[in-house]
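Comments concern the structure below.
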Amino acid sequence: MSDRLPGFSTLAVHAGAQPDPTTGARATPIYQTTSFVFNDADHAASLFGLQAFGNIYTRIGNPTNAVLEERVAALEGGTAALAVASGHAAQVVVLQQLLQPGDEFIAARKLYGGSINQFTHAFKSFGWNVVWADPDDIASFERAVTPRTKAIFIESIANPAGSITDIEAISSVARKAGVPLIVDNTLASPYLIRPIDHGADIVVHSLTKFLGGHGNSLGGIIVDAGTFDWSTGGKYPMLSEPRPEYHGIRLQETFGNFAFAIACRVLGLRDLGPALSPFNAFMILTGIETLPLRMQKHCDNARAVAEFLAGHPAVASVSYAGLPSDKYNQLARKYAPKGAGAVFTFSLKGGYDAGVNLVSKLQLFSHLANVGDTRSLVIHPASTTHSQLDDAAKVKSGAGPDVVRLSIGIEDKEDLIADLEQALGA
Ligand SMILES: *Cc1c(COP(=O)(O)O)cnc(C)c1O
């Protein structure tokens, strides 16, 4: 064996997996079982008391899911990960470990529309208060910090316009405030950006998007960077204080630099219940094997489509950080040198009606509410994903009435451009 550290593409294929010890199966088997037999009574007791690692019940852990967890932790450079049923489930489980009722977290205003809803309405009913900040104005994060702030949440490449967030600058705000930085890395995937390398303490994903990559399975994941000290100031009692449900153990003291991932599993997933099906874990693992190939093609196609649109007379503007003229191009060069992702927006001179018209004329692009599929997708955010926002909030979050969002797939770029050309011209 050489002592070379495996590269990203090797990890995407191999990390966490080995031939099945019982059957020799080379692909990771789908362990489609709810529960696992204990060796004996002592073994059972030690598993329940967190004195030993092992399988108990698929709501808490499953061997197929464990391969997915190890693989994504390796790709993101974290210490451990926890797979859950969806991206939204990942967000709930993460914040449940950090916030008590009445606490606050600061979130970037430019976010996936579903996250804006979840933070504004569902989390409010838990007593978790979101305070919005502008990812293009780092000082707005500093101003939002209060003694009740428990976390900062941003997207690395932000929905819907594909803008690039200055992760390092916001990480220093989080460090100063003594709170963890959570980065939703869904639109970038670790192939383009590894937020932990830039100061993130926790990474979350909707696996539903580029990691799974084929538009066929929902999933989410939480990656623990192992960088945050949960014991300071008594701010994070779930991690620092004795847990009554586990014979009084303290998670940080017992599990060190993967205590947060453990808390998410043994307190969050166990009690809230959003477990990932092993079948979905298998589908997503298969997707991840080709992540580097797909992501490069997504980005190369996106850039070609963005260039075509920028030169089209019906188009007022294109927001794609990969274009040299884009205001996020500097940040894209720093954070995502391999490509600026495949989700971006453009606006039409004809406004709202032109947006609706374009969506109805496209043939190869599917009109639907998703991103990160092999297929190219289109949506008009103002009438769909962002329709719940008032007009000012729509514009602020990059989803004004004239804006169309694309998620560029891995088809031939000439076919994508031809489809846009006929739809724009007609
Ligand atoms: C889709 C998405 C989510 C939510 O993920 P689900 O798997 O749909 O629950 C969160 N963040 C971003 C950036 C997303 O694109």
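Along the sequence shown, residues are numbered consecutively beginning with 1. Both counts, for ligands and for their atoms, begin at 1 and track the order of listing. Any value given below was found using the heavy atoms of this structure, including those in side chains, with hydrogens, waters and symmetry copies removed.
Looking at ligand 1, you won't find any N or O of V371 less than 3.5 Å from one of its N or O atoms. Taking any N or O of E155, backbone or side chain, none lies under 3.5 Å from an N or O belonging to ligand 1.
A heavy-atom separation below 4.0 Å is not found between G372 and ligand 1. Under a 4.0 angstrom heavy-atom cut-off, H205 registers as lying outside contact with ligand 1.
Scanning the protein for heavy atoms near atom 9 (O) of ligand 1, the closest one is H88 N, 2.9 Å. For atom 2 (C) of ligand 1, the closest non-hydrogen atom of the protein is K209 NZ, 2.5 Å. Nearest protein heavy-atom contact of atom 6 (P) of ligand 1 is G87 N, 3.3 Å.
Note: F119 and W132 have parallel aromatic rings, judged against thresholds of 30 and 60 degrees for the angle between ring planes.
With ring centers used as reference points, F228 lies under 6.0 Å from Y236. Outside the 6.0 Å centre-distance limit, the rings of F210 and H205 are not counted as a close aromatic pair.
Residue-ligand proximity, G219 to ligand 1, at heavy-atom distances under 4.0 Å covers atoms 7 (O). Of all atoms in ligand 1, listed by their number and element, those nearer than 4.0 Å to a heavy atom of S86 are 7 (O), 9 (O). Under a 4.0 Å criterion applied to the non-hydrogen atoms of Q91, ligand 1 contributes the atoms 10 (C), 11 (N).
The closest donor-acceptor contact from the side chain of N280 to the backbone of A85 lies at 3.5 Å or more, if one exists at all.
Ionic pairing of D229 and K235 is not present here: no N-O contact between side-chain nitrogen and carboxylate oxygen is shorter than 4.0 angstrom.
Considering each of D184, T186, T208, the one bringing a non-hydrogen atom nearest atom 11 (N) of ligand 1 is D184.
Listed here is the closest heavy atom pair of G339 and L192: O-CD2, 3.6 Å.
Counting only residues at least two apart or in different chains, ring pair (Phe, Tyr, Trp, His ring centres under 6.0 Å) contacts with residues 55-103 comprise H88-Y112.
Listed by chain and residue number, Q296 satisfy the side chain to side chain contact (heavy atoms under 4.5 Å, CB included) test with D300 (two or more places apart in sequence, or in another chain).
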